[in-house]
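Heads up: the structure comes next, in structure tokens.
Starting from 1, each residue takes its place in the sequence as its number.
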Amino acid sequence: MSSPYESRKLLGEYLLFHFGSAGEILGSLPGPTEAVAFATRLVNELLDPSQLPTDAAALDVGCAVGGSTFELARHAVSVTGIDYSHTFVGAARILAESGSHSYEKVVEGGISDAGIARVPTEIDRSRVVFEHGDATALRADLGIFDVVLAANLLCRLPDPHAFLDRLPSLVRPGGQFLLTTPFTWLDEYTPRRNWIGATPESGRSFAVLKELLDPHFTLQHTVELPFLIREHSRKFQYTVALGSRWIRR
């Protein structure tokens with residue numbers, strides 16, 4: 001079965017999700033405007049710029065179409081975005097090169113409207129590079145970073161433990177690991193044996209996650225982060241991710 005993350009429909013949804021305004025997402029409908037601009041908000045809510053060096057390097061794993069990657073470039077002089085979807089990485093590279101990317105958003109059925117995703121002009125796009133990669137098997141020479149972000153990635157991995165095992169070698173001592181996740185464990189993405197908690201025997205996911213990260217990271221901050229994904233003009237996914245900032249010991 002082909003990945004849904006390579007489809008044109010999902011590309012449009014994610015470009016709108018990462019770069020769309022409340023008006024572009026909700027139109028004239030009432031709705032939770034506080035849940036838009038998730039890619040921007042998560043960086044603003046979780047990153048502590050005061051703890052960064054002037055030459056900070058950042059890594060965005062599971063970057064999708066790059067909204068949070070570009071936002072990190074406001075604070076880091078180099079940012080690498082990695083995603084498993086070739087389609088998403090291709091779109092992110094176009095955004096890095098030209099600053100914009102056209103897409104289609106479904107109105108209803110076979111009717112679509114044209115949209116344009118734009119990187120804010122004040123962001124230095126030359127700081128950002130994108131590459132295809134597997135979060136559970138990142139290349140060995142990737143480097144070490146002052147910030148590593150994983151936004152809504154953990155519960156979409158076949159083996160999230162493999163990613164967590166690699167983290168200590170990716171984050172510089174004193175560096176920040178930023179995580180958002182709704183802990184939506186589904187067998188179609190993650191075999192139950194690889195879930196982090198979420199069973200009656202193992203307990204709640206965040207408590208188990210803290211045990212796994214505790215040998216190398218200190219939990220510094222948590223925040224609830226709602227987000228809204230538009231499927232068509234009258235259907236939306238409203239979800240609340242748990243955001244957390246961890247400091248590498």
Side-chain angles (χ1 to χ4, degrees), residues 3-5 10 13-14 17-18 32 34-47 59-65 67-69 71 81-85 88 133-138 147-168 170-171 176-231 235-248:
S3 168
Y5 292 101
L10 214 61
E13 287 182 10
Y14 269 72
F17 174 40
H18 277 229
E34 75 281 358
V36 303
F38 177 72
T40 300
R41 283 188 295 109
L42 71 89
V43 174
N44 293 335
E45 292 279 355
L46 290 178
L47 181 68
L59 173 66
D60 187 358
V61 186
C63 66
V65 294
S68 54
T69 321
E71 194 63 27
I82 296 178
D83 201 85
Y84 193 69
S85 166
F88 283 0
D134 182 347
T136 65
L138 295 166
V147 180
V148 173
L149 167 64
N152 298 354
L153 171 72
L154 209 61
C155 55
R156 287 297 178 267
L157 296 176
D159 185 3
H161 296 270
F163 170 66
L164 295 176
D165 288 345
R166 179 71 191 277
L167 266 179
L170 292 174
V171 186
Q176 303 175 52
F177 171 48
L178 313 180
L179 177 70
T180 74
T181 176
F183 295 118
T184 306
W185 301 107
L186 298 169
D187 289 313
E188 63 193 271
Y189 293 105
T190 312
R192 189 174 295 255
R193 65 181 180 276
N194 290 338
W195 291 3
I196 295 172
T199 68
E201 298 76 23
S202 59
R204 298 292 292 269
S205 291
F206 193 67
V208 177
L209 177 68
K210 192 174 186 300
E211 291 180 5
L212 293 172
L213 291 178
D214 187 65
H216 301 284
F217 292 88
T218 299
L219 177 62
Q220 190 174 69
H221 176 62
T222 61
V223 62
E224 302 293 348
L225 292 168
F227 63 91
L228 193 69
I229 298 178
R230 179 189 185 276
E231 294 187 25
K235 185 172 187 293
F236 305 84
Q237 300 174 31
Y238 178 84
T239 311
V240 181
L242 176 59
S244 52
R245 178 173 69 240
W246 309 75
I247 303 301
R248 177 75 165 93

Where is the tightest heavy-atom contact between [X] and [Y], given as atom of each residue plus distance?
X: A135; Y: V61; answer: CB-CG1, 3.6 Å
X: S68; Y: L42; answer: CB-CD1, 4.4 Å
X: E71; Y: A39; answer: CB-O, 4.3 Å
X: C63; Y: D83; answer: N-OD1, 3.3 Å
X: V148; Y: L170; answer: CG2-O, 3.9 Å
X: R41; Y: V36; answer: NE-O, 2.7 Å

Using modelled atom types and a 3.5 Å cut-off, is there a donor and acceptor pairing between side-chain atoms of [X] and backbone atoms of [Y]?
X: R248; Y: V147; result: no
X: T181; Y: L154; result: no
X: S244; Y: T222; result: no
X: R204; Y: G197; result: no
X: W195; Y: T190; result: yes
X: N194; Y: P158; result: yes

Derivation of the side-chain contact (heavy atoms from CB on, under 4.5 Å) call for F38 and T239: CA-CA 11 Å; F38 177 72; T239 311; over 6 Å; no
Got a second to check how far [X]'s [atom1] is from [Y]'s [atom2], nearest 0.5 Å?
X: F177; Y: L149; atom1: CZ; atom2: CG; value: 8.0 Å
X: L209; Y: W246; atom1: CG; atom2: CH2; value: 5.0 Å
X: E13; Y: I229; atom1: CD; atom2: CD1; value: 7.5 Å
X: L242; Y: L225; atom1: CG; atom2: CG; value: 8.0 Å
X: D165; Y: D159; atom1: CG; atom2: CG; value: 8.0 Å
X: L10; Y: E231; atom1: CG; atom2: CD; value: 9.0 Å

Stepwise side-chain contact (heavy atoms from CB on, under 4.5 Å) check, L212 with H161: CA-CA 9 Å; L212 293 172; H161 296 270; 3.9 Å; yes
side-chain contact (heavy atoms from CB on, under 4.5 Å) between Y5 and R156, worked out: CA-CA 11 Å; Y5 292 101; R156 287 297 178 267; 3.7 Å; yes
Ring centroid separation Y14 to F88 under 6.0 Å: yes
For P182, the option from S205, C155, P226 that meets side chain to side chain contact (heavy atoms under 4.5 Å, CB included):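 In the set S205, C155, P226, the residue that makes a side chain to side chain contact (heavy atoms under 4.5 Å, CB included) with P182 is C155.
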Sole candidate of H221, E45, Q220 that passes side chain to side chain donor-acceptor pair (under 3.5 Å) when paired with R245: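 By the side chain to side chain donor-acceptor pair (under 3.5 Å) criterion, R245 pairs with just one of H221, E45, Q220: Q220.
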L179 side chain near F217 side chain, heavy-atom distance below 4.5 Å: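 Side chain of L179 against side chain of F217, heavy atoms only: no contact under 4.5 Å found.
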Chi angles and distances behind the side-chain contact (heavy atoms from CB on, under 4.5 Å) call for L167, H216: CA-CA 9 Å; L167 266 179; H216 301 284; over 6 Å; no
F163 CZ: over 12 foreign heavy atoms closer than 6.0 Å: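 More than 12 heavy atoms, drawn from other residues, nucleotides or ligands, come within 6.0 Å of this atom.
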